[in-house]
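The sequence lines fix the lettering, A, B, ..., with proteins before strands; numbering per chain opens at 1.
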Protein chains: 2
Amino acid sequence: MTTSAIPIDELSQQLRTGIGRVYRRFRALRATDELGDAAMSVLTRVRKEGPQTLTALSDDARVTPSSMSQTVNRLTAGGYLVRSADPTDGRRVLFELTESGRRTERESIARGRAWFEGELTRATDEERAVLLRAAGILERIADAPAPGERA
Amino acid sequence: MTTSAIPIDELSQQLRTGIGRVYRRFRALRATDELGDAAMSVLTRVRKEGPQTLTALSDDARVTPSSMSQTVNRLTAGGYLVRSADPTDGRRVLFELTESGRRTERESIARGRAWFEGELTRATDEERAVLLRAAGILERIADAPAPGERA
DNA sequence: TATTGTTATACTCTATAACTATA
DNA sequence: TATAGTTATAGAGTATAACAATA
């Protein structure tokens, strides 16, 4: 394989387009769900990582603490999350899933997957291998610190 | 290469995560731009495809006509797009770029690319080849008709 | 009747600015 | 002083419902 010199600007353009279109497709599917985009991401994060502070959630989502405060407000008001005090630091609040939150997260993931998994099933094995590798590379890129930002 | 049986559900989960994180990163970068996410996508579409009807724009973005109507309202109010009548069908309205819209689109694309292209430059040639192929596969999937939807 | 587009209204998500409480 | 979190307010983006104009 040569150093095939894929032009960075073309690659960038095509990836942005592809990613944007798939993301918006996901969002459209989730529009009929009881919870929105950001709210579902929070539930998934808490399910995977356990009880989280507000700061941890806002850092992870790359939104301001005040944005996240409002998102978790909606989630606690709706009974999906509960607040609990951090015994070691009175400033901190830990957010954890209720039974309802856990169930909602599980069901939404299952529903949202239907369309996407259907499409993935139609791809070839070789294409799926490409996509799997791409997923890892994209996640690494997404988590890379911004210039001037400490890791 | 064996028929390596990548589990669809794992692949789906990892791709959704990777795509979601990169997309939100883009959105965060664009937050300081003069135009938002949906508005920029409209400008890009019109730049690439020429004057578009409202229905064409809403179909492409997979939002309702009324959502798109409001987005183009903001864009025409801001002087980025102009309306013109379709001579062959009095119901139709064609939206096209103004000079300002053209310039804004060009500059925003350039700015938004800085971070992403920097990261892509840090990847290996082989990784870039994987991402390029993935971009094409993702776009094909994103454009696939929903079950029951006509192509 | 069907298609194209708009307006009214409401919700999610995000931001900045100003604030309280704890370390 | 610095950190963790909240509230007030505003704007983008989306949806549904109800509507007008043209085909």
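- The side chain of V63(A) sits closest to dA15(C) out of dG13(D), dA15(C), dA15(D).
- Evaluation of atom-type donor-acceptor distances gives no pair under 3.5 Å for the side chain of T53(B) against the base of dT4(C).
- Between dT7(C) and N73(B), a contact under 4.0 Å exists linking OP1 or OP2 to a side-chain N or O.
- No donor-acceptor contact under 3.5 Å links the side chain of S69(B) to the base of dT7(C).
- In this structure, R102(B) does not pair ionically with E107(B), as no charged nitrogen and carboxylate oxygen lie closer than 4.0 Å.
- Geometrically, R83(A) does not engage F95(A) in a cation-pi contact, judged by NZ or CZ lying under 6.0 Å from the ring centre and within 45° of the ring axis.
- Following rounding to the nearest Å, R92(B) (CZ) and dT4(C) (P) show an atom-to-atom distance of 6 Å.
- With rounding to whole Å, F26(B) atom CZ is found 20 Å from dA12(D) atom C1'.
- Nearer the 5' end of DNA chain C, as judged by each residue's closest nucleotide, is the contact made by T64(A), out of T64(A) and D89(A).
- Contact of R91(B) with dT3(C) (side chain to base): a donor-acceptor pair of N or O atoms is detected under 3.5 Å.
- Atom CG of D60(B) is separated from atom P of dT14(D) by 12 Å (rounded to the nearest Å).
- Of all nucleotides listed (dT6(D), dG5(C), dT7(C)), dG5(C) comes nearest to the side chain of L54(B).
- Annotation: cation-pi geometry satisfied between R16(A) and F26(B) (NZ/CZ under 6.0 angstrom from ring centroid, within 45° of ring axis).
- Using a 30° and 60° split on the angle between ring planes, Y23(A) and Y23(B) fall in the parallel class, below 30°.
- At dG5(C), one or more side-chain N or O atoms of T55(B) fall inside 4.0 Å of OP1 or OP2 (strictly under the cut-off).
- A sub-4.0 Å separation between OP1 or OP2 of dT6(D) and a side-chain N or O of R83(A) is present.
- Close to dC13(C), at under 4.0 Å from its OP1 or OP2, lies a side-chain N or O of R74(A).
- Which of dT14(C), dT16(C), dG13(D) sits closest to the side chain of S66(A) comes down to dT16(C).
- Salt bridge E127(A)/R122(A): absent, no basic N to carboxylate O contact under 4.0 Å.
- Rounded to whole Å, atom P of dG5(D) lies 7 Å from atom CZ of F95(A).
- Mapping S67(A) and T88(A) onto DNA chain C by nearest heavy atom places S67(A) at the nucleotide closer to the 5' end.
- When rounded to the nearest whole Å, the span between OH of Y80(B) and P of dA12(D) equals 10 Å.
- Rounding to whole angstrom units, CG of residue D59(A) and P of dT3(D) are separated by 13 Å.
- Between the P atom of dT3(D) and the CG atom of D86(A) lies a distance of 17 Å, rounded to the nearest Å.
- Within the 4.0 Å cut-off from OP1 or OP2 of dG13(D), not a single side-chain nitrogen or oxygen of T71(B) is found.
- At a threshold of 4.0 Å, the pair D143(A)-R62(A) does not count as salt-bridged, since none of the basic side-chain nitrogens sits closer than that to a carboxylate oxygen.
- One interatomic measurement links the two molecules: CZ of R24(A) to C1' of dT12(C), which rounds to 17 Å at whole-angstrom precision.
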